[in-house]
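Have a look at the structure below, then the notes.
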Amino acid sequence: MAAFRLAHLSDPHLPPLPVARLRDLAGKRALGYLNWTRNRHKYHRRDVLDTLVSDMQAQQPDHIAVTGDLVNLALDAEFNPAREWLEGVGRPADVSVVPGNHDAYVRATRHRFVGIFGDYLRGDADGAAHSFPFVRRRGPVVLIGVSSAVPTPPLMATGWLGGAQLAALETILAQLSDEDAFRVLLVHHPLHSDGRAKRLTDSRQLLALLKRHGVELVLHGHDHIHSTMWFDGPERKIPAIGVPSASALARKHYPAAAYNLFSIARDGNGWRCEQTVRGLDGDRRVVELSTARLL
């Protein structure tokens, strides 16, 4: 049987930012808008994002995971262009999405993401409804999406799952433990962060849950860097993989845009999972940057 190929990109921060009305720029958005106009617009580029997505589509993955931050300030005017962009990435059946902190930047529009992108995060058994965690089965892979996206005060970018979502996730993972499936958890925030202002505040509870029930792979974004961390599972370590922003030019310690491509296949009584990282080189061409066997 051919390997299942899962692509992963994150944090497109879809440029350009639409023209904002003065009344939209109160509170946290004012600081975010100032940061965008002075700084971030220089290195989040639509041409970079389009080049990366084109290369990813040329690899013909079986499914695509997008782990949040599709928009920047969660302005009403940002969501429809982001939806159009996502439709260009793939159909809802072929793409799974979870929100990031920028998608729930302020309370006024915190629910817009679910309304606009609902069919990209609707679980297989949810019918017309959608909630977190969602479960989507694609070949041998089960994608489990959770939302860590919550509005936060200025200068904070923390995430939170909450007790209800963690309890539902525990039930789902307990049920999946009897299935012959490669379980992939999608979440925006990394499971560990040294930065207090950017951390997942209930990561300790999530890690304890994963130690009890396990998954095969965790995919996240948020930090805009290449990242591989390992966490305790019930029988072995669990790899958690982060990726740079999909629209970024390299700057300081942040690498240029990249995406992950995972090849997943049965290996005896276990699984084999190989990771290929593809991203922009100095000439803004997408090339293979590295490979690794995770399982």
Could you list the residues that satisfy side-chain hydrogen bond (donor to acceptor under 3.5 Å, both in side chains) with [X], not counting sequence neighbours?
X	answer
K198	none
D76	R112
Q165	none

Under a 3.5 Å distance rule, please check whether [X] uses its side chain to pair with a backbone N or O of [Y] as donor and acceptor.
X	Y	answer
D69	N101	yes
R136	R122	yes
T51	D47	yes
H189	G159	yes
S10	T67	yes
Q57	G88	yes
T109	A74	yes

Does R5 pair with E274 as a salt bridge, N-O distance under 4.0 Å? no
For the pair D119 and R83, find out whether any cationic side-chain nitrogen is under 4.0 Å from an anionic carboxylate oxygen. yes
Linking I/L/V/M/F/W/Y whenever their side-chain heavy atoms sit closer than 4.5 Å, directly or via other members, would [X] and [Y] fall into one cluster?
X	Y	result
V146	M229	yes
V48	V243	no
L86	L9	yes

Please list all pairs meeting ring pair (Phe, Tyr, Trp, His ring centres under 6.0 Å) that have one or both residues in residues 89-122, counting only residues at least two apart or in different chains.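 Found H13-H102, H102-Y105, F113-F117.
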Contact list for residues 259-295, test ring pair (Phe, Tyr, Trp, His ring centres under 6.0 Å), sequence neighbours left out: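 Applying ring pair (Phe, Tyr, Trp, His ring centres under 6.0 Å) to every pair that reaches into residues 259-295, excluding sequence neighbours, yields F182-W271.
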I need the single residue from C273, P140, S263 that forms a side-chain contact (heavy atoms from CB on, under 4.5 Å) with F4. Which is it?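 Exactly one pass, corresponding to P140.
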In the structure I gave you, are the side-chain heavy atoms of [X] and [Y] within less than 4.5 Å of one another anywhere?
X	Y	answer
L294	E216	no
V215	L210	yes
I64	D94	no

With a cut-off of 6.0 Å (strictly less than), are more than 12 heavy atoms of other residues, nucleotides or ligands near [atom1] of [X]?
X	atom1	result
R196	CZ	no
R107	CZ	no
R251	CZ	yes
E235	CD	no

Pairwise distance [atom1]([X]) to [atom2]([Y]) - rounded to 0.5 angstrom:
X	Y	atom1	atom2	result
N35	R29	CG	CZ	15.5 Å
I238	R183	CD1	CZ	7.5 Å
N72	D103	CG	CG	9.0 Å
L280	L289	CG	CG	9.0 Å
R137	D124	CZ	CG	7.0 Å
K42	L249	NZ	CG	12.0 Å

Sequence-distant partners of D202, side chain to side chain contact (heavy atoms under 4.5 Å, CB included), two or more places apart: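 Side chain to side chain contact (heavy atoms under 4.5 Å, CB included) list for D202, sorted by chain: W160, L161, L166, L200, Q205.
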Any donor-acceptor N or O pair under 3.5 Å, side chains S177, H213: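 There is no such pair (donor and acceptor under 3.5 Å, judged by atom type) between the side chains of S177 and H213.
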With side chain to side chain contact (heavy atoms under 4.5 Å, CB included) as the criterion, how do L186 and V184 come out once you've worked through the C-alpha distance, each side chain's angles and the decisive distance to 0.1 Å? CA-CA 6 Å; L186 308 180; V184 181; 3.9 Å; yes
Could you go step by step and tell me if L14 and L70 meet the side chain to side chain contact (heavy atoms under 4.5 Å, CB included) rule? CA-CA 6 Å; L14 195 69; L70 276 68; 5.8 Å; no
Exactly one of H8, H226, R278 clears side chain to side chain donor-acceptor pair (under 3.5 Å) with N260, and that residue is H8
Is there a side chain to side chain contact (heavy atoms under 4.5 Å, CB included) between L17 and L75 once you walk through the steps? CA-CA 9 Å; L17 190 70; L75 296 164; 4.3 Å; yes
Would you check, one step at a time, whether the test side chain to side chain contact (heavy atoms under 4.5 Å, CB included) holds for V141 with D62? CA-CA 10 Å; V141 171; D62 296 294; over 6 Å; no
Can you list the steps and then say if R40 with S245 is a side chain to side chain donor-acceptor pair (under 3.5 Å)? CA-CA 12 Å; R40 290 172 67 93; S245 163; over 6 Å; no
Relative to the ring of H222, is the ring of H188 parallel (under 30°), tilted (30 to 60°) or perpendicular (over 60°)?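 Plane angle over 60°, so perpendicular.
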